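Throughout, a chain's letter reflects where its sequence line sits, starting with A, and its residues are numbered from 1. Keep in mind that what you see is a predicted model, and the values were worked out from it rather than measured.
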There are 2 protein chains.
Amino acid sequence: MTVPTGRRERKKAVTRQKIADAALRLFLERGYDAVGIRDVAAEADVAVTTLFSHFASKEALVFEQGEDFEQRLTRAVTDRAPHEPLIPALRREIQALVRHCAADSAAPVWRMIDASPALRDYEESMRRRHAESLATAIAADPGLSRTPTACRAIARFVIDAYSLARAAADPKATVDEIFQMIEAAWEVTCPSAHSTGRAGS
Amino acid sequence: MTVPTGRRERKKAVTRQKIADAALRLFLERGYDAVGIRDVAAEADVAVTTLFSHFASKEALVFEQGEDFEQRLTRAVTDRAPHEPLIPALRREIQALVRHCAADSAAPVWRMIDASPALRDYEESMRRRHAESLATAIAADPGLSRTPTACRAIARFVIDAYSLARAAADPKATVDEIFQMIEAAWEVTCPSAHSTGRAGS
DNA sequence: GACCGTAACACTAACGGTTAGTGTTTTGTA
DNA sequence: TACAAAACACTAACCGTTAGTGTTACGGTC
């Protein structure tokens with residue numbers, strides 16, 4: 001039983017945060033590649049092995065924090081209004097996510113990520129996992145009965161939109177442009193014949 | 001001056017092939033993760049540094065061989081018949097590439113790749129570079145004047161189709177299904193008028 | 001044919017991320 | 001209070017990769 005109440009949990013969270021803070025501070029100060037794991041561990045005053053018991057990799061020190069990404073996308077699907085069409089809901093969420101990166105107080109972090117190939121690769125492979133979750137969420141919605149392949153494809157396209165928009169000069173316009181394409185791609189997968197209208201349930 | 005005729009070039013190519021062969025043999029025998037760089041170097045009877053002067057990384061030992069991928073895609077764009085539409089040409093090429101992986105004598109290699117996260121990640125980040133080349137090729141075609149964003153998006157979608165199809169139970173059908181979506185997405189970017197669904201910004 | 005610049009190759013040693021192995025302390029619960 | 005589990009620490013290593021330093025073999029030139 002035992003609701004994992006917990007002092008231990010709290011201490012663990014504190015240690016984790018201490019590590020994450022130290023890492024981010026050093027990374028922003030000296031640059032991601034110029035800071036070693038041993039530096040971070042020393043700065044956070046923990047052992048290297050302790051660091052790795054909290055974070056799976058060096059890259060995770062950057063990403064595995066308040067990243068709602070996956071949840072926010074799947075919830076944009078599952079929690080949308082009863083008859084709201086899928087694609088606009090996703091577009092709105094992607095817009096919000098992109099805005100959050102571009103104009104945020106956390107902009108230096110994203111500049112750092114863009115500056116390091118290791119971090120960019122890590123992010124992309126993360127996003128691929130997110131795409132799979134998103135595909136599952138879409139496939140699970142009884143209102144839109146599409147093939148698994150169509151769901152997976154659309155999920156990838158949405159992630160592509162995010163990825164391209166984040167690198168673009170005008171992120172907002174980029175999202176809009178790509179989502180027009182996604183909308184068209186989605187409608188053509190509609191099971192009930194095809195025309196402009198969508199079938200809903 | 002001097003077509004780089006060459007005994008030296010030949011010897012270099014031989015060494016490179018010797019390394020690649022040794023690597024592939026060991027990888028297939030014991031599994032990619034169970035074989036170290038030092039093992040490969042020893043098997044090929046070269047020094048570790050020599051190995052790395054021929055291949056940029058361990059993963060490159062698997063991929064950096066007869067991989068036409070990038071060229072084949074860009075050529076499918078640039079070398080297609082004068083008035084042949086873009087998307088069907090790309091679809092044909094992707095079909096060929098997927099078939100080549102799935103039913104080939106080289107199937108064990110692809111099974112090995114799918115079994116190793118490191119290799120999968122490497123492949124994906126490779127494909128992303130390929131997508132950029134493809135986008136450039138599409139953007140350079142004077143026959144289809146689309147925005148850079150539309151070109152980049154379509155290029156990504158095409159790569160997604162390849163990626164999803166390779167993992168699917170029925171690759172051919174998967175390519176066909178996703179390319180119907182891509183076709184729709186591409187047509188909606190046509191510069192020659194048509195009512196836009198909404199106003200954008 | 002001797003000569004020189006260059007590129008391939010080798011060897012040692014190391015660096016940086018990551019993990020195994022082995023305790024030691026803390027903490028929740030019996 | 002005692003015990004099991006989990007966090008934490010430390011050493012030492014593994015593995016991919018690179019720097020530094022030579023040595024050798026080739027190709028083009030005089």
Query raised in the report: Residues two or more places apart in sequence or in another chain: which of them pass side-chain hydrogen bond (donor to acceptor under 3.5 Å, both in side chains) with B/R30?
Result: none

Query raised in the report: Can we say A/R128 and B/D121 salt-bridge, meaning some charged N sits less than 4.0 Å from an Asp/Glu carboxylate O?
Result: yes

Report task. Mind listing the closest non-hydrogen atom pair of A/E43 and A/A22 along with its distance? Result -> CG-CB, 3.6 Å

Query raised in the report: Listed by chain and number, what are the side-chain hydrogen bond (donor to acceptor under 3.5 Å, both in side chains) partners of A/D21, not counting sequence neighbours?
Result: A/Q17

Report task. Just jot down the side-chain hydrogen bond (donor to acceptor under 3.5 Å, both in side chains) partners of A/R72, sequence neighbours excluded, or say none. Result -> A/E93

Requested in this report: Sort and list the pairs that fulfil ring-ring contact (aromatic ring centres under 6.0 Å, His included) and have at least one residue in residues 37-59 of chain B, not counting sequence neighbours.
Outcome: none

Requested in this report: Quickly work out the B/K11 NZ to D/dT24 P distance and round it to whole Å.
Outcome: 14 Å

Query raised in the report: Considering only C/dA8, D/dA9, D/dA7, which nucleotide approaches the side chain of A/V46 most closely?
Result: D/dA9

Query - For DNA chain C, the residues among residues 13-20 of chain A that have a non-hydrogen atom under 4.0 Å from it - result: none

Report task. Using a cut-off of strictly less than 4.0 Å, decide whether B/T50 has a side-chain nitrogen or oxygen near OP1 or OP2 of C/dA10. Result -> yes

Query - Protein-nucleotide distance (A/F55, atom CZ; D/dA7, atom P), rounded to Å - result: 14 Å

Query raised in the report: Once you round it to whole Å, what is the distance between P of D/dA7 and NZ of A/K12?
Result: 4 Å

Taking only distance into account, with no hydrogens and no angle test, what donor-acceptor pairs under 3.5 Å do side-chain atoms of residues 162-169 of chain A form with protein atoms, sequence neighbours excluded?
{"from": "A/Y162", "atom 1": "OH", "to": "A/R127", "atom 2": "NH2", "distance (Å)": "3.4"}
{"from": "A/S163", "atom 1": "OG", "to": "A/E124", "atom 2": "OE2", "distance (Å)": "2.9"}
{"from": "A/S163", "atom 1": "OG", "to": "B/R156", "atom 2": "NH2", "distance (Å)": "3.2"}
{"from": "A/R166", "atom 1": "NH2", "to": "A/D114", "atom 2": "OD1", "distance (Å)": "3.3"}
{"from": "A/R166", "atom 1": "NH2", "to": "A/E123", "atom 2": "OE1", "distance (Å)": "2.8"}

Query raised in the report: What pairs meet the ring-ring contact (aromatic ring centres under 6.0 Å, His included) rule with one or both residues in residues 163-192 of chain B, with sequence neighbours excluded?
Result: none

Query raised in the report: Quick one: side-chain hydrogen bond (donor to acceptor under 3.5 Å, both in side chains) partners of B/Q71, sequence neighbours excluded?
Result: none

Query raised in the report: Residues from residues 109-122 of chain B sitting under 4.0 Å of DNA chain C, heavy atoms only?
Result: none

**Report entry** Those residues that, when tested against B/D176, pass side chain to side chain contact (heavy atoms under 4.5 Å, CB included) (two or more places apart)
**Finding:** B/R91, B/Q95, B/K172

Report task. Mind checking ring pair (Phe, Tyr, Trp, His ring centres under 6.0 Å) for B/Y122 and listing every partner two or more places apart, or none if nothing turns up? Result -> B/F63

Query - Contact pattern, 5' to 3', of nucleotides 15-23 of chain C - B, S or - by protein heavy atom under 4.0 Å - result: -SBBBB---

Query raised in the report: For A/D39, which contact category applies under a 4.0 Å heavy-atom criterion: base, sugar-phosphate, or nothing?
Result: nothing

**Report entry** N/O (side chain, A/H54) to phosphate O (OP1/OP2, D/dA7) under 4.0 Å
**Finding:** no

